[in-house]
Amino acid sequence: QRAKGHGNDALARKIFSEWEQEYRRGEYEPQAKELREALQLPEKPKYSIGVILPLSGDYQAYGERVLQAIQFALKETESQKKNPPIQLAIRDSKGNPSEAEKAVEELATQEEVLAIIGPLLSITVEKAARKAQKLGVPLLALSQKELTIERRDYVFQNSLSPADQVHALVTYTLKEMWLRTFAIFYPDSSYGSVFKNAFVQEVTRGGGKVVGAAAYSEGQTDFAKEIKTFFKIKSARVEDSRKGIEEEFKVHLLVDVLLIPDTYDRAGIILSQMSYYNVRGVTFLGTNAWNHPDLISIARQSAEGSIFVDA
């Protein structure tokens, strides 16, 4: 009040903000309301939502994009309200499991948030989820990682897990399309391995037959060797009266279904190369990472008839 009386509004606001952090609850609320009105400060939001994202380090770009989406959604929801009832309490996980766990405790005990959005990365979600469950604060994890904690009264996931996706795809192709032979092309990564293992288990459990699997390197763009080897493709040079001599490919291994658990851009390249090597009559399956409009521009007609799953 003294700072306000001397015309130093900036200092008054700073002192008030620090004071409000120290005495955010209890008997001082009436005085806080009077001061806020005197300083012409906006009404403090009634609720706080915690956000835990990688806002520094290797995954900073992904964290920032997710944060922008959350902030945009909040702004759209509250754009017509004079005093929005929700504010975000943001913490940087730094892509570190311990930092994510620490952030959950801070948000729950210091910020007293209503709920927490995040973490984003698979490596950070397990510790954060366990801490949220222990403290009894609702946590909406953005990671696809299958959580191992037994009790999940306060822990939820915003994306389909690999097991959920595989179950939906296999169930549909087995029971609705009556397809029986399955194979998988997958990236040699933890992501690819998780989907491969889940796929083999689900197909076997459902009564289908997995005839084979082929792994390729992350970042690979030429899949000729893997395609020709897996499908036992033989080539022959044939003469065409109009086109001259051409190379013709004959496939010697037939499968009903092929799962490609990879991003839309690499999946599009694989589909195009499958078509080039005359791999026909196969129902191609994809994960939610296929859900991008550029898949069609990359794969073109090769993507026709393909199936992918998303929430």
Side-chain angles (χ1 to χ4, degrees), residues 1 3 10-39 41-57 59-60 62-75 77-78 81 83-143 145 147 149 151-158:
Q1 286 175 320
L11 178 60
R13 287 187 174 89
K14 181 177 182 297
I15 294 171
F16 177 80
S17 178
E18 292 173 352
W19 178 84
E20 193 174 37
Q21 285 292 321
E22 185 70 23
Y23 303 101
R24 66 182 70 199
R25 296 284 185 272
E27 58 184 297
Y28 297 103
E29 188 60 34
Q31 293 96 318
K33 186 175 182 181
E34 290 179 12
L35 276 173
R36 189 182 295 111
E37 291 174 352
L39 296 171
L41 293 173
E43 192 71 26
K44 184 182 178 183
K46 186 176 182 181
Y47 305 109
S48 289
I49 301 294
V51 178
I52 304 174
L53 295 169
L55 299 174
S56 61
Y59 300 95
Q60 177 179 345
Y62 299 101
E64 288 177 345
R65 285 163 61 185
V66 173
L67 179 59
Q68 288 170 7
I70 294 172
Q71 290 172 327
F72 178 78
L74 186 63
K75 183 178 178 181
T77 303
E78 302 185 335
K81 300 177 182 178
N83 295 313
I86 297 174
Q87 67 178 355
L88 299 179
I90 302 165
R91 293 294 186 276
D92 179 11
S93 71
K94 304 176 184 177
N96 184 294
S98 297
E99 288 291 335
E101 181 184 35
K102 177 183 173 185
V104 171
E105 183 151 15
E106 286 182 2
L107 291 169
T109 60
Q110 297 178 24
E111 297 290 345
E112 299 179 347
V113 297
L114 190 66
I116 297 172
I117 301 173
L120 175 65
L121 305 179
S122 297
I123 59 172
T124 58
V125 71
E126 193 74 32
K127 278 193 170 185
R130 289 182 182 278
K131 180 62 72 172
Q133 179 68 30
K134 181 179 179 180
L135 296 175
V137 57
L139 181 141
L140 180 61
L142 304 179
S143 166
K145 177 181 171 63
L147 297 173
I149 58 175
R151 292 194 61 184
R152 293 175 55 178
D153 306 344
Y154 292 93
V155 179
F156 308 90
Q157 289 187 271
N158 187 47

Any donor-acceptor N/O pair, Q87 side chain to S48 backbone, under 3.5 Å: no

So L88 and I117, side-chain contact (heavy atoms from CB on, under 4.5 Å) or not? Walk me through it. CA-CA 10 Å; L88 299 179; I117 301 173; 5.6 Å; no

Measuring from E105:CD to K131:NZ, what's the distance to the nearest 0.5 Å? 4.5 Å

Atom NZ of K94 with >12 non-hydrogen neighbours under 6.0 angstrom: no

Under a 3.5 Å cutoff, is there a donor and acceptor pairing between the side chains of S93 and E99? no

Just verifying a value: how many Å separate E126 CD and I149 CD1, rounded to the nearest 0.5 Å? 6.5 Å

Spacing of L121 atom CG and I52 atom CD1 [to the nearest 0.5 Å]: 11.5 Å

So which heavy atom on G95 is nearest to which on I123, and how close? O-CD1, 3.2 Å

Looking at NZ of K75 and CD1 of I70, how far apart are the two atoms once the value is rounded to the nearest 0.5 Å? 16.0 Å

Verdict with reasoning, Q71 to I90, per side-chain contact (heavy atoms from CB on, under 4.5 Å): CA-CA 11 Å; Q71 290 172 327; I90 302 165; 4.0 Å; yes

Between CD1 of I49 and CG of L107, what distance do you get to the nearest 0.5 Å? 10.5 Å

Of all residues at least two apart in sequence or in a different chain, which pass the salt bridge (Lys or Arg N to Asp or Glu O under 4.0 Å) check with R91? E106, E111

Quick check on R152: does its CZ atom have over 12 non-hydrogen neighbours (other residues, nucleotides or ligands) under 6.0 Å away? yes

Take K127 and S98 through the side-chain contact (heavy atoms from CB on, under 4.5 Å) test and state the conclusion after the steps. CA-CA 7 Å; K127 278 193 170 185; S98 297; 3.5 Å; yes

Determine the minimum heavy-atom distance between L120 and T124, stating which atoms define it. N-OG1, 4.4 Å

Polar side-chain atom of D92 near backbone of L55 as donor-acceptor pair, under 3.5 Å: yes

